[in-house]
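Read the structure below first, then the notes.
It should be emphasised that the depicted structure is a prediction, and the values quoted were computed from it without experimental measurement. Order of the sequence lines sets the chain letters (A, B, ...), proteins ahead of strands, with each chain counted from 1. Values below: every heavy atom of this structure, side chains too, minus hydrogens, waters and symmetry copies.
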There are 2 protein chains.
Amino acid sequence: MTVAPATRSKSELSYTWIRSKIEGGAFVPGYRLVLGAIAKELDVSVVPVREAIRRLEAEGLVTFERNVGAQVAMLNETGYVTTMQTLSILEGAATMLSAPFITDEDIAAARAVNANMADCLENFDPHRFTELNREFHSILFERCPNDNLLDLVHRGWNSLNMLRDSTFSFVPGRAHQSVAEHEGILSLLENGADSLDIELAARAHRTRTLDAFTEYQSTHKRSPVQP
Amino acid sequence: MTVAPATRSKSELSYTWIRSKIEGGAFVPGYRLVLGAIAKELDVSVVPVREAIRRLEAEGLVTFERNVGAQVAMLNETGYVTTMQTLSILEGAATMLSAPFITDEDIAAARAVNANMADCLENFDPHRFTELNREFHSILFERCPNDNLLDLVHRGWNSLNMLRDSTFSFVPGRAHQSVAEHEGILSLLENGADSLDIELAARAHRTRTLDAFTEYQSTHKRSPVQP
DNA sequence: CCTCGTCCGATTGTATATGATTTGTTATAC
DNA sequence: GTATAACAAATCATATACAATCGGACGAGG
């Protein structure tokens, strides 16, 4: 019988460490990732760190230029727009595909999360709001039988993760709308609506966030994405 | 003035070399990629090769297991189904998004390609048929303003590339249908149809290929994907 | 004949060392 | 003051060497 290696490979260690730093917000977009420094920090050589960074590059979390170095990927405005647009498509499809498997319990759970989101609006807790939003959609997605698609959705979320709380903080009023739209999606699912309707509703939910952003952009003439 | 490095990095070289071998069909799915052997072949050390393989792994072209090694990724049946399903969604959206930018010349070019595809059916040239099919859809996609989405489509194609000519050879009759459906999509584009109609037509085009496969599977009780 | 344990060859995993490239700095000329 | 050239420091890129690990061959025991 083959057993898993007792110790995780240092490459793996480096990968998860850097990734968690990025996702946790300790390494902000644009932050320079110096191979030697990270290697020293983790007490490993540069080779595994290099490998980890290459993997993160392939996933789109960092950019890497030869003889210059790596840095945490930044989303510029067009990157934000395209990612949001892609996500609207992926999420719409994922929701549609998982619809047949959604249980009453799932819907109740999602509704509870949505209620908490409403509370966050009262208490002005944008960070938690974002977390709950992810949780809400996760409930709707997790039954999706297409792992491939689900993986793409998660990647998109990770890219956007760099713009923590952007919805909440940069587009006033959008969060309230968002909570209302969630309820709309839930009732469609509850009533066994046509799958195309569900897909388009889920898609429109994100599209409207994007539209709100675009409109806000045009009226305020500055880029909240790239400060 | 800064100039690009005179020589491509050996990591990059290894990456493109392995990749081309896979895409060219020299390295078939399941083929074992031994670091040392490839390094020797390319006259580089194992470090860049290793890095290249990690990148390919992140892209899904190869699988890599610790202390065991890498091999060209294989699509099992569920992998094939999910990839096809995901592609149907991505391609549908990509076609829909590029529709407004498609010119008359594009449509003429696509139609010419489709005519050549029909010829391939006469001459029974499955390899060329597959190539042309890719070219046909590329014409429809290339105007898509969302590079992110386009990239996902290309990745999907690459995954399926491992099942070269599968449509043609494994599901008799499907190819003829496919050519007819292409014309249907073209006429929708030509007549400026509703964008949702275009999207759903493009999506259905691939879905039907998948359905044909599934049906063929169930009647023949064997797996053409994993011989 | 089958099962389990041990050894050996093959292969991957990592550290270290050295070379190559870029970037920043300083000095000098105009 | 500006521009340019030469130098220095930081960092990446790769080769080599060795350690860790795995898979299968082989033989002992049941």
Next item on the list: Give a yes/no answer on whether the side chain of A:Ser45 brings an N or O atom under 4.0 Å of OP1 or OP2 in C:dA15.
Entry: yes
Margin query: Rounding to an integer number of Å, can you tell me how far B:Arg50 CZ sits from D:dA15 P?
Written below: 15 Å
Next item on the list: Just call it for B:Leu33: base, sugar-phosphate, or nothing, with non-hydrogen atoms closer than 4.0 Å on any strand.
Entry: sugar-phosphate
Checklist line | Integer-rounded Å distance: C:dG13 C1' and B:Ile53 CD1 | finding: 13 Å
Next item on the list: Measure from the side chain of A:Val34, starting at C-beta and using heavy atoms only, and say which of D:dC12, C:dA15, D:dA15 lies closest.
Entry: D:dC12
Next item on the list: Name the residue closer to the 5' end of DNA chain C, choosing between A:Glu12 and A:Glu65 according to the nucleotide with the nearest heavy atom.
Entry: A:Glu12
Notebook entry, point to check: Is B:Lys10 near enough to D:dA15 that one of its side-chain N or O atoms lies under 4.0 angstrom from OP1 or OP2?
Noted result: yes
Note to self: Under a 3.5 Å cutoff, is there a donor and acceptor pairing between the side chains of B:Asn146 and A:Thr86?
What the structure shows: yes
Next item on the list: Whole angstrom is fine here: how far is it from CD in A:Gln71 over to P in D:dA10?
Entry: 20 Å
Check: Considering only side-chain heavy atoms of A:Arg66, which listed nucleotide, C:dT11, D:dA15, D:dA13, is closest?
Finding: D:dA13
Next item on the list: Give the nucleotide from the list D:dG23, C:dT22, D:dA15 with an atom nearest to the side chain of A:Val68.
Entry: C:dT22
Checklist line | Nearest-Å distance for atom pair CD/P, residues B:Glu51 and D:dA15 | finding: 11 Å
Notebook entry, point to check: Just by modelled atom types, is the B:Cys120 backbone N or O under 3.5 Å from a matching donor or acceptor in the B:Asp125 side chain?
Noted result: no
Item checked: For atom CD1 of A:Ile38 and atom P of D:dC12, their distance in whole Å -> 9 Å
Next item on the list: Scan for ring pair (Phe, Tyr, Trp, His ring centres under 6.0 Å) pairs involving residues 28-58 of chain A, sequence neighbours excluded, and state none if there are none.
Entry: A:Phe27-A:Tyr31
Notebook entry, point to check: Rounded to whole angstroms, how far apart are CG on B:Leu35 and P on C:dT14?
Noted result: 12 Å
Item checked: Nucleotide C:dT21, atom P - distance to CZ of A:Phe64 in whole Å -> 15 Å
Margin query: Can you confirm whether A:Leu149 sits close enough to A:Leu90 that some side-chain heavy atom of one is under 4.5 Å from a side-chain heavy atom of the other?
Written below: yes
Checklist line | Proximity to the side chain of B:Asn67 - top-ranked nucleotide from C:dT16, C:dT23, D:dT21 | finding: D:dT21
Note to self: Measuring from atom CZ of B:Arg208 to atom CD of B:Glu215, what distance do you get when rounded to the nearest 0.5 angstrom?
What the structure shows: 13.0 Å
